[in-house]
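So the structure is just underneath, and the comments pick up after that.
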Amino acid sequence: MASPKVIVLRTCDGETFEVDESVVYVSETIKNMIEDGCGDGVIPLPNVSSKIFPKVIEYCKKHVSDFESLKKTSNGDEKEKDKDDDSSKKGKEAVPDVEEDAEEKARVEELKEWETTYMDIDQQVLFDLLQAANYLNIKGLLLMAAEKAASMIRGKTPEQIRETFNIKNDFTPEEYEEVRRENAWAFE
Amino acid sequence: MAETAFSNLSNDVVLNIFLKLEDDPRNWARLACVCTKFCGLVRDVCWKNKCLQTIPSIVSDLLSSSAGSSSDPPGGWAALHKLSICCPGLFRAGVLLENSDFGLERELGPDENYLSTALGSSRVTEPSSTPPSSSLDSSTSAAQLDGVVVKKGRGYSIAKRRRKSCRSVKSHLASGVWNLSREQGNKLLASRFRGDCLYICDWPGCVHIEEKRKYMLFRGIFTDFKGSRVWRTINDGNRSKIALDCAFCSCKETWDLHSAFCLRRVFGYHDDGEPVVRAYVCENGHVSGAWTDRPMFT
């Protein structure tokens, strides 16, 4: 293949970023735009700020390898099919499996650590990230950020949830009494 | 105060977060109490989808039979979801109603002799104008439930002096499997009502071992209540409602199915006059009730 293509993107506040095609491909939205032929010009991102975009790209860069290894696996499968026909798989795969397992474990561990550091962010960044991941259709990032937000809600009372996120109680007193009564069973 | 960033999140992002909290039903219930936006999302999306996931046949029965092709079941998704997972609690299953004059009270009328013997407890209820439920809101502590006094036709009577745990009296997450079946509903109704479609939770329901006896509390729903024979019987017979509110929706009064002769007669009574089975239905077709073990010698 030719040298990696660089895509130019412009955030809503007018800043431009140049990113490798393989990296931005992690975003389904951008991928679709490129496949539709927008890859040669500047791709506009009206719903993403220059503040949050680098953070998103950081995730994409880390996860490009996922896409690469997925491609490899699918190629590998085709070769495996040919092998199946003649010899039994058992002997040939036993040793590589153990090595692969250890490698896989280490990789997963490293990724977890990276994610913990990556998600050590304040609320505003978390919400910007959620919105960006949603707009750019980066499923893994959206789920990860959603889990972080969920962890800040789990087990809390409504009052605590409001306090955590600075949300206003906009029920009327009557409405509030009713919703609390309906859901009293959740407050054991 | 700066406007919260959370309120700026689009609905589908918020729902993605809520979806992560699906495993524990209490999470969504608490979220519904945070603000009106969350309440709407939980009711109209989360609980609706949960019902579609867990009780799809009941949902399709409910929606196909609802008049005016409504997209919501009678009583709403919140009530239906609650019914699928919550026990009505001893109070709304009618267990705490005094039973000595069970079934006869409306004919004989109230007895003023009892009016002055009400407990000092602040939980004394007024004659049917005030629903008893207002005395059992989420702020009630166990200490205030020494005696639950409910008018039951003949007069005020004190159902239980012994202190009950708050949890068993009010609605709570049901023990046992959260499943509703029509077969179970058929076991409850008198034979001429078997054409009605009543779904009840699997046996034994939520088991409560009380001083007097063991109660197996159940909940259920008629899928076409206003088209049912039970409804026609109640309506044509001009049965009066009792001031026992529905455990699941906002109905303040319910009908007693036992005294309306809708339940199988074979169940009978215990020696102390308590019926072996009791059940109450609201206008939306939600049913709360309690089984007890049948006495050895009937």
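Computation of the quantities below employed the complete heavy-atom set of this structure, encompassing side-chain atoms and omitting hydrogens, waters and symmetry-equivalent molecules. Note on naming: letters A, B, ... go to the chains in the order of the sequence lines (proteins, then strands), and numbering restarts at 1 for each one.
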Quick one: CZ on Arg162(A) to SG on Cys33(B), what's the gap to the nearest 0.5 Å? 8.0 Å
Under 4.5 Å from a heavy atom of chain A, the part of Ile85(B) involved: side chain
With a cut-off of 6.0 Å (strictly less than), are more than 12 heavy atoms of other residues, nucleotides or ligands near CZ of Arg10(A)? no
To the nearest 0.5 Å, what is the distance between NZ (Lys20(B)) and CG (Leu143(A))? 4.5 Å
Verify whether one side chain among Asn134(A) and Asn16(B) offers a donor that lies under 3.5 Å from an acceptor in the other. no
Is the shortest distance from a Lys or Arg side-chain nitrogen in Arg30(B) or Glu159(A) to a carboxylate oxygen in the other one below 4.0 Å? no
Among Leu142(A), Asn169(A), Asp170(A), which residue forms the greatest number of heavy-atom pairs with chain B at distances under 4.5 Å? Asp170(A)
Of all heavy-atom pairs linking Glu182(A) and Lys82(B), the shortest is O-NZ, 2.9 Å
Nearest-0.5 Å distance, SG of residue Cys35(B) to OH of residue Tyr176(A): 11.0 Å
If I take atom CD from residue Glu147(A) and atom CD1 from residue Ile17(B), how far apart are they, to the nearest 0.5 angstrom? 10.5 Å
How long is the gap from CD on Gln123(A) to CZ on Phe6(B), to the nearest 0.5 Å? 8.5 Å
Roughly how far, to the nearest 0.5 Å, is the CZ atom of Phe38(B) from the CD1 atom of Ile167(A)? 3.5 Å
For residues Ile161(A) and Leu31(B), determine if any side-chain heavy atom of one lies less than 4.5 Å from a side-chain heavy atom of the other. yes
Apply side-chain contact (heavy atoms from CB on, under 4.5 Å) to residues Arg26(B) and Trp185(A) and explain how you reach the verdict. CA-CA 8 Å; Arg26(B) 293 171 300 177; Trp185(A) 56 271; 4.0 Å; yes
Taking C-beta and beyond as the side chain, do Cys39(B) and Phe171(A) meet within less than 4.5 Å on heavy atoms? yes
